[in-house]
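First listed ligand is number 1; within each ligand, the first listed atom is number 1. These numbers were taken from a predicted model, which means no experiment stands behind them.
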Amino acid sequence: MADEARRRKALEVATTERPVSTRIFTVANQKGGVGKTTTTVNLAAALAQLGMRVLVIDMDPQGNASTALGVPHHAGVSGIYDVLIDGLPLADVVRESSSVAGLWCAPATIDLAGAEIELVPLVARESRLRKALRAFLSGHSGEQRFDFVFVDCPPSLGLLTVNAFVAAVEVLIPIQCEYYALEGVSQLLTNIEMIREHLNPDLDVSTILMTMYDARTRLSAQVADEVRQHFPQQVVKTVIPRSVRVSEAPSHGETVMTYDPHSTGALSYREVAVELTSPRASPDPSPQPEGASRE
Ligand code: ADP
Ligand code: MG
């Protein structure tokens, strides 16, 4: 408890900064249930609460991110399917979250499940999301500029995930602090390398977040150590604890950031948001000339 009080104090005095240009993340891990959607919606909400303008693109036909953000996604609603398959502008499907201002969502409807196959014969099938997103972002400049975009991926490496990788600049990989946590991560990295080679040379695995950490088990601590050893540069300092409030929030059509803002889950996602927006947190877009200081 004393530790939590200290962490809350640290957040109160933390300085945050809007990134110099929109940061576009794909949240990916082909393993299901590792916390992709939970991380997408809670981190997005935490950033919006810090004053950032944030867009979530729901690329999972389950539509869990849309549910958690309180954005309708029943059959008949226009969603990301219509953007990918029919070329509808993203602006026509984006809706503001019902519970957090400054947070927007392009919903996924169940017909997105068919898109995996319907995309196959289409022209530029891998870059349809990228094109739609770039058009959307260039239509939102000045005061309306978005600071962060998060694309929530389905648990597979099909064309929907490929579209997400091609649209993004950064990859955020959530890793569950459980047995076999790293299983599949090397396959994921191989796939990302292939995307980089053939479709999107800018793609960078910038951020790794450990989720569902259980402080009572040695296993969680061991997994966390192992992940830090493998990815010293990319691992976010904050670890997301396993917390019942986090798992309850979506059934209320909310993120934990509004459902229980004082919970330890909300505190942790707020800390991650602060890490991502602390001054100089943005990856440097261009190499600095020799001897130049970034201060
Ligand atoms: P994915 O999108 O990778 O399939 P989810 O984000 O849907 O994974 O999470 C899987 C399940 O674990 C969900 O039921 C979610 O509520 C739960 N969950 C995720 N993160 C936490 C957490 N920190 N504490 C407790 N439950 C969590
Ligand atoms: Mg999910």
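Every atom of ligand 1 with a heavy atom of Ser247 under 4.0 Å away is listed here by number and element: 16 (O), 26 (N). Near Pro241, meaning under 4.0 Å from any of its heavy atoms, are these atoms of ligand 1: 22 (C), 23 (N), 24 (N). For ligand 1, the atoms closer than 4.0 angstrom to any heavy atom of Ile240 are 23 (N). Per-residue contacts place Val34 under 4.0 angstrom from the following atoms of ligand 1 (heavy atoms of the residue considered): 1 (P), 3 (O), 8 (O).
The distance from the Mg ion (ligand 2) to the nearest N/O/S atom of Thr37 is under 2.8 Å.
In this structure, atom 11 (C) of ligand 1 has its sub-4.0 angstrom surroundings free of protein heavy atoms. Protein heavy atoms come within 4.0 Å of atom 15 (C) of ligand 1.
The shortest contact between atom 8 (O) of ligand 1 and any protein heavy atom is with Gly35 N, 3.1 Å. Looking only at protein heavy atoms, the nearest one to atom 21 (C) of ligand 1 is Met212 CG, 3.5 Å. Closest protein heavy atom to atom 13 (C) of ligand 1: Thr38 OG1, 4.7 Å.
For Gly265, the heavy-atom gap to ligand 1 stays at 4.0 angstrom or more. Within the structure, the closest approach of Gly33 to ligand 1 falls below 4.0 Å when heavy atoms are considered.
Polar contact with ligand 1: absent for Asp152 (N/O pair, distance under 3.5 Å). Polar contact with ligand 1: present for Lys36 (N/O pair, distance under 3.5 Å). In terms of polar-atom proximity, Ser243 is counted as a contact of ligand 1, with an N or O under 3.5 Å from an N or O of the ligand.
The aromatic rings of Trp104 and Phe146 lie perpendicular to each other, with more than 60° between the two planes, well past the 30° mark.
Contact check on Lys9 versus Glu4 returns no salt bridge, with no Lys/Arg side-chain nitrogen under 4.0 Å from an Asp/Glu carboxylate oxygen.
Side-chain contact annotation: Thr238 with Glu275, donor-acceptor N/O pair under 3.5 Å present.
Between Ile240 and Met212 there is no side-chain heavy-atom pair separated by less than 4.5 Å.
We find the CD-OG1 distance between Gln233 and Thr207 to be 12.0 Å, quoted to the nearest 0.5 Å.
Tyr180 and Val34 fall into different hydrophobic clusters, where Ile, Leu, Val, Met, Phe, Trp and Tyr residues are linked whenever their side-chain heavy atoms come under 4.5 Å apart, directly or through other members.
The side-chain hydrogen bond (donor to acceptor under 3.5 Å, both in side chains) test applied to Glu248 returns Arg245, Tyr259, not counting sequence neighbours.
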Pairs under 3.5 angstrom only: tabulate donor-acceptor contacts from the side chains of residues 135-143 to other protein residues two or more places apart or in another chain.
unit_1	atom_1	unit_2	atom_2	d
Ser138	OG	Arg134	O	3.2
Ser138	OG	Ala135	O	3.1
His140	ND1	Phe136	O	2.8

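Exactly one residue among Asp152, Asp60, Asp58, Thr109 makes a side chain to side chain donor-acceptor pair (under 3.5 Å) with Ser66. That residue is Asp58. The side chain to side chain contact (heavy atoms under 4.5 Å, CB included) test with Val54 is passed by exactly one of Leu47, Val149, Leu43: Leu47.
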